[in-house]
Amino acid sequence: MKNENLTVRNYIIYVIFVLFSFSIMVLDYFSNQEISSTISKRMNFLIPSNINFSDYIEFFDNDLFQTRNSLINENIRLKNEVLELRQLKIENDLLKDELDSNKNLIESVDSTNYFYIKTTPFIKNNESKFLVSGGYDQNFMKDDIVVNDEGFVIGFVDKIFQNHSEIIFLTDSDFSMPGLDRFGNEYLVQNNGSEILVYTTLVRELSSNIDFIFTDTRFDQPSRFPIVSLTDAKITTDDNKISSTLEINNTTFSFTDLYIVKINDLP
Amino acid sequence: MIYLKNLFNIFSFVFLLFIELLINTILDSNYFMILPFFIGMFVISTRRFSNFYISVFLIAGIYYDSLFSSNILGFSSAKFLITVVLMNFIIANQQENIFLDFATFTIGIFVYKFIYSLEYLNPQFLYQLLISSVVNYFLFRILNITIEKNVLKQKI
């Protein structure tokens with residue numbers, strides 16, 4: 001009997017603290033997350049900044065565990081490599097054609113207007129969002145675009161903390177970004193959880209000959225960074241609308257090098 | 001001494017939460033997750049339930065919300081406390097058996113991983129949670145056996 005009373009009393013106290021947590025939530029929600037922003041701006045507990053995380057991961061690539069078996073495997077691998085080289089020659093010809101089509105794209109990006117801050121995703125939170133190094137300390141802003149080493153936009157900065165930031169990647173179900181094609185048509189690139197939808201919000205010239213969807217200054221973004229390539233995608237043009245769908249590739253971003261694009265304010 | 005013990009528990013659970021995030025980032029698996037923080041929470045909830053741990057989960061939740069997510073502050077604290085109470089309520093009102101223990105563990109994981117997004121209802125995510133509950137319950141049992149075994153009482 002005494003034990004039962006104690007358990008009930010414990011439950012009541014737990015429920016009181018659950019209600020206390022809800023009241024913090026209500027306060028934070030109605031203050032436009034001012035309370036959580038204040039804490040995240042001032043605290044950087046457990047996450048040291050300016051660390052090259054990929055250096056730590058390279059530890060696993062060392063020669064510590066090299067054995068005789070690996071040498072035999074290496075021999076087999078080399079044989080396979082010769083076969084692959086033959087295939088690569090064919091691929092090389094195809095890539096030359098692709099290079100020509102990309103030439104126009106590269107020339108249109110004025111790289112001198114921008115500078116790039118290298119960053120690394122080092123934590124994936126419970127909501128499956130990646131946190132990257134660099135935050136208020138590196139002057140990151142909400143909606144700053146994130147590009148990979150090929151120059152393609154792969155996400156944007158969502159929430160900023162003192163020395164780290166949360167990124168929404170193209171593969172996340174809440175990704176949504178406006179873009180432009182070479183004819184000036186405006187698009188929305190959106191992830192619906194199962195595929196990437198690309199559809200027009202404003203049509204100036206109806207055409208199915210679209211190669212890339214770019215970022216543009218009219219959406220407060222750095223100009224002419226490709227978001228998606230539609231060269232191999234099926235494009236539908238009907239009812240004065242252009243749309244297409246793309247598959248979501250299961251790419252892993254953990255500990256890879258990414259770049260935040262910032263506009264160079266200096267003259 | 002009580003305050004010191006409380007402070008130690010807070011730091012331990014905060015560190016466990018950080019380790020959990022780090023393990024799952026390195027693992028990056030679409031099939032399961034390793035949840036040491038949740039295992040700790042299950043131990044507290046079903047074996048050592050008391051008011052003493054309220055501050056631990058409250059602070060761990062605030063720590064997570066303010067440093068690792070764009071959640072509204074207090075969301076994770078409420079979620080952690082509800083998970084602990086719910087798991088204890090199921091276990092306390094039934095006789096001890098392994099199936100009930102596992103069922104409670106699975107329900108606990110589903111509440112613990114709740115997010116206010118449609119992605120929560122994604123079949124792949126639910127499948128991942130189910131596999132995770134099997135893997136983590138297995139880890140919990142191994143841990144439980146190891147902790148409960150008193151080496152000093154063993155015959156040589």
Side-chain angles (χ1 to χ4, degrees), chain A residues 4 6-7 9-11 13-29 31 33-47 57 60 121-131 158-159 161-162 164 166 168 172-174 192-194 250 252-255, chain B residues 14-15 17-18 20-28 30 33 35 37 45 49-55 57-58 61-82 84-86 88-89 92-93 112-122 124-125 128:
Chain A
E4 268 180 28
L6 193 72
T7 316
R9 205 168 61 192
N10 279 343
Y11 286 160
I13 297 170
Y14 264 90
V15 169
I16 288 169
F17 275 92
V18 169
L19 293 174
F20 174 68
S21 302
F22 279 126
S23 60
I24 296 174
M25 277 172 73
V26 171
L27 265 175
D28 195 37
Y29 181 76
S31 66
Q33 289 196 287
E34 198 62 45
I35 304 167
S36 51
S37 304
T38 310
I39 298 170
S40 53
K41 270 179 197 171
R42 291 173 186 206
M43 279 172 68
N44 54 8
F45 178 52
L46 276 178
I47 301 165
I57 298 302
F60 298 105
F122 63 95
I123 287 265
K124 195 178 178 184
N125 65 17
N126 282 338
E127 290 77 37
S128 299
K129 300 275 163 54
F130 276 100
L131 300 178
D158 186 30
K159 190 178 177 182
F161 300 87
Q162 175 53 32
H164 59 286
E166 192 180 88
I168 293 185
D172 291 332
S173 59
D174 46 354
N192 69 352
S194 53
N250 277 329
T252 176
F253 297 107
S254 312
F255 306 105
Chain B
V14 160
F15 186 67
L17 183 60
F18 180 73
E20 178 178 305
L21 297 172
L22 204 63
I23 289 171
N24 291 315
T25 309
I26 294 167
L27 200 68
D28 204 16
N30 290 326
M33 293 168 272
L35 308 166
F37 179 79
S45 170
F49 185 71
S50 87
N51 292 339
F52 183 77
Y53 294 99
I54 290 177
S55 56
F57 295 117
L58 194 77
I62 287 173
Y63 164 77
Y64 176 79
D65 284 339
S66 52
L67 285 180
F68 294 106
S69 83
S70 47
N71 284 340
I72 301 165
L73 194 73
F75 175 75
S76 297
S77 301
K79 197 169 67 175
F80 294 164
L81 291 172
I82 289 170
V84 170
V85 173
L86 188 74
N88 182 269
F89 183 76
N93 291 310
Y112 171 69
K113 296 299 281 185
F114 174 77
I115 43 172
Y116 45 87
S117 157
L118 277 177
E119 207 174 331
Y120 184 72
L121 300 172
N122 184 352
Q124 200 191 332
F125 182 68
Q128 190 188 23

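Chain identifiers are assigned alphabetically (A, B, ...) following the order of the sequence lines, protein sequences preceding nucleic acid strands; residue numbering begins at 1 within each chain. Computed from a prediction, not measured in an experiment: that's the story for all the values here.
A:K124 places none of its side-chain heavy atoms less than 4.5 Å from the side chain of B:N24. Looking only at side-chain heavy atoms (C-beta outward), A:V26 and B:I72 stay at 4.5 Å or farther from each other. Looking at A:H164 and B:L67, their side chains come closer than 4.5 Å, going by heavy atoms from C-beta outward. The shortest distance between side-chain heavy atoms of B:N51 and A:Y14 falls below 4.5 Å. A heavy-atom distance below 4.5 Å is found between the side chains of A:Y11 and B:N88.
In this structure, CG on B:L58 lies 6.0 Å from CD1 on A:I24, to the nearest 0.5 angstrom. Atom-to-atom distance recorded for B:L73:CG and A:E34:CD is 12.0 Å, nearest 0.5 angstrom. To the nearest 0.5 angstrom, A:S194 atom OG is 11.0 Å from B:Q124 atom CD.
With respect to chain B, the highest number of heavy-atom pairs below 4.5 Å among A:L19, A:N126, A:D158 belongs to A:N126. Between chain A and the options B:L21, B:I62, B:D65, the largest number of non-hydrogen pairs under 4.5 Å is found for B:L21.
Within 6.0 Å of CZ in B:F125 there are more than 12 heavy atoms belonging to other residues, nucleotides or ligands.
Proximity to chain B involves both the backbone and the side chain of A:Y29, based on heavy atoms less than 4.5 angstrom apart. Proximity to chain A is limited to the side chain of B:E20, based on heavy atoms less than 4.5 angstrom apart. With a 4.5 angstrom heavy-atom cutoff, B:I54 touches chain A via backbone and side-chain atoms both. Proximity to chain A (any heavy atom under 4.5 Å) is restricted, for B:I115, to the side chain, taken from C-beta onward. The contact between B:Y112 and chain A is made entirely by side chain atoms (from C-beta outward), counting heavy-atom distances below 4.5 Å. Both the backbone and the side chain of A:E127 come within contact range of chain B, judged by heavy atoms closer than 4.5 Å.
Distance alone, capped at 3.5 Å, is enough to place a donor-acceptor pair between the A:N125 side chain and the B:F68 backbone. Panel note: side chain B:S66, backbone A:S36; no donor-acceptor pair is recorded below 3.5 Å.
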